[in-house]
Amino acid sequence: MSAPCQHTITPRERLDFGLDGDIPRYWHGGDVYQSRFWDAMSIIFPPGEKFFMNCVRDFRDQVTDPQLLADVRAFNLQEAQHGLVHRKDNERLRRQGIDVDRLAALVDDRLNRHHRQTYSAAHTLALTAALEHFTAIIAHSLFDQRDVMRHADPRMRAMYAWHAIEEVEHKAVAFDVLTRVARVGYWRRVAGLLHATVLFAGLSFRIHRQLMVADGF
């Protein structure tokens, strides 16, 4: 039997995707719905990445395995960089008259205030592992036969391709901390997945709808 393939988590910094250029308002092949869906993701990502980092950090001091500790550090670096780049992308939306601050605050209040104060560290880590699973599924869709970004502006496609690559690289880190360090059991993981399903769908629909309404749809 061959040895398992070792993956690497590589934080990439000082990135410039030209997001301050002349990107069309409906940059996904002129499709309003798809463009605004991904713009909703861009608004959700910065407070979401902060939530992920905080939930993993709750258990960082308990990590004893050197490789997992290195993975946690790289995970945090990648997530922090994602937040920076998507905040820059959100400046594009702000120039279009979108109230980015209000929409981002809705997500931040739900995740980093309400959920962090209401639920246990074990449950919010289970939420994080589930949401990381969802983002990895989305990431894979950029590189399989569907190629969901094939009609996108090249600059936006490049940004999401980079984000997708890093999501795939670190997709197991939160789950490894969940199972190997926090030792969260099966049923709490199931509860976290169910909660994450409703949470992700609800937040993404709400922000997406607000963007469509702002455009007069």
Side-chain angles (χ1 to χ4, degrees), residues 7 9 34 36-60 62-63 68 71-72 74-76 78-83 85-87 90 103-144 146 148 160 163-211:
H7 72 282
I9 303 174
Q34 292 193 63
R36 287 316 196 193
F37 170 81
W38 291 101
D39 288 343
M41 293 297 101
S42 193
I43 290 173
I44 289 170
F45 282 140
E49 310 288 16
K50 182 171 74 171
F51 178 76
F52 296 162
M53 289 188 289
N54 286 336
C55 293
V56 171
R57 282 186 189 128
D58 286 339
F59 295 90
R60 183 176 54 187
Q62 301 175 39
V63 177
L68 182 54
D71 286 348
V72 167
F75 168 87
N76 283 330
Q78 285 188 336
E79 296 290 47
Q81 191 68 18
H82 296 174
V85 171
H86 281 285
R87 277 191 287 272
N90 291 341
L103 296 176
L106 290 174
V107 182
D108 196 40
D109 287 342
R110 174 70 66 84
L111 296 179
N112 295 300
R113 292 181 178 84
H114 178 266
H115 278 38
R116 292 278 296 166
Q117 294 171 5
T118 303
Y119 299 102
S120 68
H123 184 74
T124 56
L125 182 61
L127 275 177
T128 297
L131 291 166
E132 283 288 299
H133 180 63
F134 293 163
T135 55
I137 291 172
I138 294 171
H140 279 287
S141 75
L142 272 68
F143 302 110
D144 65 16
R146 287 167 294 181
V148 299
Y160 277 104
H163 191 154
I165 288 167
E166 297 198 345
E167 288 298 330
V168 172
E169 286 180 352
H170 71 231
K171 66 181 180 180
V173 174
F175 185 78
D176 286 344
V177 175
L178 181 73
T179 55
R180 293 165 52 189
V181 179
R183 299 187 183 280
V184 172
Y186 175 76
W187 290 111
R188 186 180 289 276
R189 300 201 304 268
V190 169
L193 181 60
L194 292 172
H195 186 172
T197 301
V198 175
L199 176 66
F200 180 75
L203 282 176
S204 58
F205 176 83
R206 184 175 183 181
I207 303 302
H208 190 186
R209 180 181 181 277
Q210 289 293 313
L211 292 177

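No hydrogens, no waters, no symmetry mates; every other heavy atom, side chains included, goes into these values.
Shown here are the side chain to side chain donor-acceptor pair (under 3.5 Å) partners of His195, two or more places apart in sequence or in another chain: His115, His123. Residues meeting the side-chain contact (heavy atoms from CB on, under 4.5 Å) test with His140, sequence neighbours left out: Val168, Lys171. For Gln78, the side chain to side chain donor-acceptor pair (under 3.5 Å) test picks out Glu169, His170, with sequence neighbours left out. Partners of Arg116 by side chain to side chain donor-acceptor pair (under 3.5 Å), not counting sequence neighbours, listed by chain and number: Asp58. For Phe134, the side-chain contact (heavy atoms from CB on, under 4.5 Å) criterion is met by Leu131, Leu193, Ala196, Thr197, Phe200, not counting sequence neighbours. For Thr135, the side chain to side chain donor-acceptor pair (under 3.5 Å) partners are Glu167, not counting sequence neighbours.
In this structure, Phe52 and Glu132 have side chains that are in contact, with non-hydrogen atoms separated by less than 4.5 Å. You'll find the side chain of Leu127 stays beyond 4.5 Å of the side chain of Leu111, heavy atoms only. For the pair Val184/Thr179, no side-chain contact is recorded, criterion being any heavy-atom separation below 4.5 Å from C-beta on. Side chains of Arg57 and Asn54 form a contact here, defined as non-hydrogen atoms less than 4.5 Å apart.
The aromatic rings of Phe45 and His163 sit tilted relative to each other, their planes meeting at an angle between 30° and 60°.
Tyr160 places a side-chain N or O within donor-acceptor distance of the main-chain N or O of Trp38, the cut-off being under 3.5 Å. Side-chain N or O atoms of Asp71 include none that pairs as donor or acceptor with a backbone N or O of Ile9 at under 3.5 Å.
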